[in-house]
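Mind looking over this structure? Questions follow.
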Amino acid sequence: MVRVRFAPSPTGSLHIGGARTALFNYVFARKMGGSFILRLDDTDRERSLEEHERGIYDGLRWLGMDWDEGPGKGGTFEPYCQSERMEQHLAAAEKLKSSGGAYTDEEGVLRLRYPETEVIVDDIVNGECVFKTEALGPEPVLLRSNGTPTYHLASVADDVDMKITHIIRGADHLTNTAKHKLIFEALGAPVPKFAHLPLILGPDGAKLSKRNSDCLTSVSEFQSSGYLPQALNNFLMLLGWSHPESKEQLSMQDAIESFELERVGNTAAVFDTNKLNFLNAWWIRNIDLREAADALKEFTGEYREVLDARGEEFWIHAVEKLRDGCSNLRDGEALARLLVSENVGLNADVTEALANDPEFAEHARQIAPVWLETLEDVELDGDRDTLTVEQAKQVTNTAKKASGLKGKALFKPLRAAVSGSLSGPELSALLELTRFDELRRRAKSFVDAAV
RNA sequence: GUCCCCAUCGUCUAGCCUGGUCCAGGACACCGCCCUUUCACGGCGGCGACGGGGGUUCAAAUCCCCCUGGGGACGCCA
């Protein structure tokens, strides 16, 4: 039975490297039909914050990684917070003391004893790594002078107690693993298998950190910046692992079905925002329509109320028509603005084109009055406040005939008249979704600007 | 500084273990064309890499060594 754990310490927010570690553990556990355990490594009471603890839970849940055992969930090996496992840690310390695996130094702290001059870590992704113990630094402290256990002791003792079979963590732990292996052995416990994941590097080539201002690092930041959890998971999955058939768009299910620890690479990977963005756009387009509508709606900001007033069906229909143009959930706001705002002025790019592009200005001058006139001749059906699909098609055709313009010459200024912008969602959809009185208002102001 | 790890297009990578099918395949980004009565989506195409040097071999991206480059670890933090 495979048992893996993700053991973050709540001394900072859940960052993307941690999320990737969690993800690989999670996917591996699911693939193997094993258990995914969440354990809080909070032995550093000074720096552990409840706020971060919550952030870790929220982040994991947002990404869809449910843990089988852990805080809030319980399990056979409770408790799952190291701060509550002092007793077990001290018992392990006693065991190490009596077996000679550890000793108390002249300063009164318990240290691991390096028994050999060499330790070999057999790693699933990196192969055999040989360490000379003298190069590992001083023998690690297990119990501080105040008697509390350190990370090394606590981590290993808990891994033993919780019967962890595979330790999957970042490559920055490789030298720790050498020390930990010694502790497992001194404890007379079976040594789990190890897999050290290659590090994620920032755009500057150094280990990704919060300080790296060029890109986001914490999971909550990605959430609030308009990324879909599916996109972030997909992206993270591809950092250091590849699908056997090179499939690039992967759901959690896809990843679970085809995951193999043996396929994990061992070269550090640079975080590529472009790819994340691409994946985000792909997932916005391809998830369930209702889910996309809900997600986009979260980002509609000030237009949310008006949108709600127009009914759920309206927004779902809009998203169905227009989500192809969204690459980030934040695009929801611009979308909502185009559909319901009563103050859509002209974008700078339009006014600039009007001033500096004689051809565009000429086309705009021609189409603007024609467009306004066309709209004024339209009768809405019954109690509708928007054009029907047919009418939307009809008004563009009428404007086309009356102006004698076609193609880009027609649509570029027409788009400006309808949306106040030179680019954006599909025009036909905009015409059929925007309230008719608003369309007329915009047409009027476009006449004012263009003629 | 010491130790460990790594090295294929700008980026993520396939291939490397089990040398030949690789004058190196895919994806993102970028550029062009097509589709579309506009943009986007989509389709097609282009640009673009085995860090260098030695070996081993009939044959090396693939195996070995050196160099260089990058990263990580060296806490009574985790």
Side-chain angles (χ1 to χ4, degrees), chain A residues 7-12 40-44 46-48 82 105 107-111 121 123 125-127 129-138 140-152 154-155 169-179 196 198-201 203 205-207 235 237-249 262-263 265-279 281-282 285 322-327 393 396-397 399-400 405-416 418-419 421-430:
Chain A
S9 68
T11 52
L40 235 45
D41 280 11
D42 55 351
T43 49
D44 184 353
E46 309 278 289
R47 297 196 305 148
S48 291
Q82 288 195 323
D105 73 5
E107 276 153 40
V109 307
L110 186 73
R111 284 180 186 274
V121 174
D123 186 85
V125 330
N126 293 293
C129 306
V130 183
F131 297 87
K132 296 248 183 290
T133 49
E134 61 177 17
L136 249 27
V141 170
L142 268 19
L143 285 182
R144 303 184 182 98
S145 50
N146 65 6
T148 60
T150 62
Y151 159 74
H152 300 294
S155 177
R169 66 210 322 191
D172 49 347
H173 279 288
L174 235 142
T175 46
N176 281 337
T177 296
K179 300 168 188 172
H196 289 89
L199 260 17
I200 301 176
L201 273 25
K207 187 162 107 166
F235 174 74
M237 209 57 232
L238 259 14
L239 239 39
W241 179 79
S242 62
H243 183 96
E245 280 117 52
S246 295
K247 198 173 168 182
E248 304 260 354
Q249 280 86 33
E262 291 70 26
R263 264 191 91 78
N266 59 359
T267 72
V270 173
F271 184 97
D272 180 14
T273 306
N274 275 330
K275 188 128 182 183
L276 208 214
N277 288 342
F278 164 80
L279 254 10
W282 191 90
R285 253 181 277 125
L322 304 175
R323 67 167 155 175
D324 278 8
C326 299
S327 60
K393 202 175 289 172
T396 41
N397 264 325
K400 179 183 179 184
L405 296 173
K406 60 179 181 175
K408 205 167 223 161
L410 171 70
F411 281 93
K412 203 171 165 184
L414 200 52
R415 170 181 291 283
V418 171
S419 71
S421 171
L422 253 31
S423 64
E426 190 180 313
L427 208 45
S428 64
L430 236 37

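Within every chain, numbering begins at 1; the chains are lettered A, B, ... in the order of the sequence lines, protein sequences first and strands thereafter. Just so you know, these numbers use all the heavy atoms, side chains as well, and skip hydrogens, waters and symmetry mates. All of these numbers come straight from a predicted model, not from anything done at the bench.
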Any base atoms under 4.0 Å from Gly424(A), or only sugar-phosphate, or nothing? Heavy atoms, all strands.
base
Of the nucleotides C76(B), U11(B), A78(B), which one has an atom closest to the side chain of Asp272(A)?
U11(B)
Considering every strand and a 4.0 Å limit on heavy-atom distances, what is the contact class for Glu107(A): base, sugar-phosphate, or nothing?
base
Can you tell me how far C1' in C50(B) sits from the matching atom in A24(B), rounded to whole Å?
8 Å
Which part of the nucleic acid does Val130(A) contact within heavy-atom distance under 4.0 Å: base, sugar-phosphate only, or nothing?
sugar-phosphate
Mind checking if Val109(A) touches a base, just sugar-phosphate, or nothing, with heavy atoms under 4.0 Å?
base
Between the base of C41(B) and the side chain of Arg285(A), is there a donor and acceptor pair under 3.5 angstrom?
no
Using a 4.0 Å heavy-atom cut-off across all strands, classify Arg323(A) as base, sugar-phosphate, or nothing.
nothing
Quick one: does Thr175(A) reach the base of C4(B) with a side-chain donor-acceptor pair under 3.5 Å?
no
Across the strands shown, which category fits Ser242(A) at heavy-atom distances under 4.0 angstrom: base, sugar-phosphate, nothing?
sugar-phosphate
Partner nucleotide of C30(B) by Watson-Crick or wobble geometry (both distances under 3.5 Å):
G46(B)
Pick base, sugar-phosphate or nothing for Glu134(A), based on heavy-atom distances below 4.0 Å to the nucleic acid.
nothing
Contact class for Leu427(A) (heavy atom, under 4.0 Å): base, sugar-phosphate, or nothing?
base
Over all strands shown, is Thr267(A) touching base, sugar-phosphate only, or nothing at heavy-atom distances under 4.0 angstrom?
sugar-phosphate
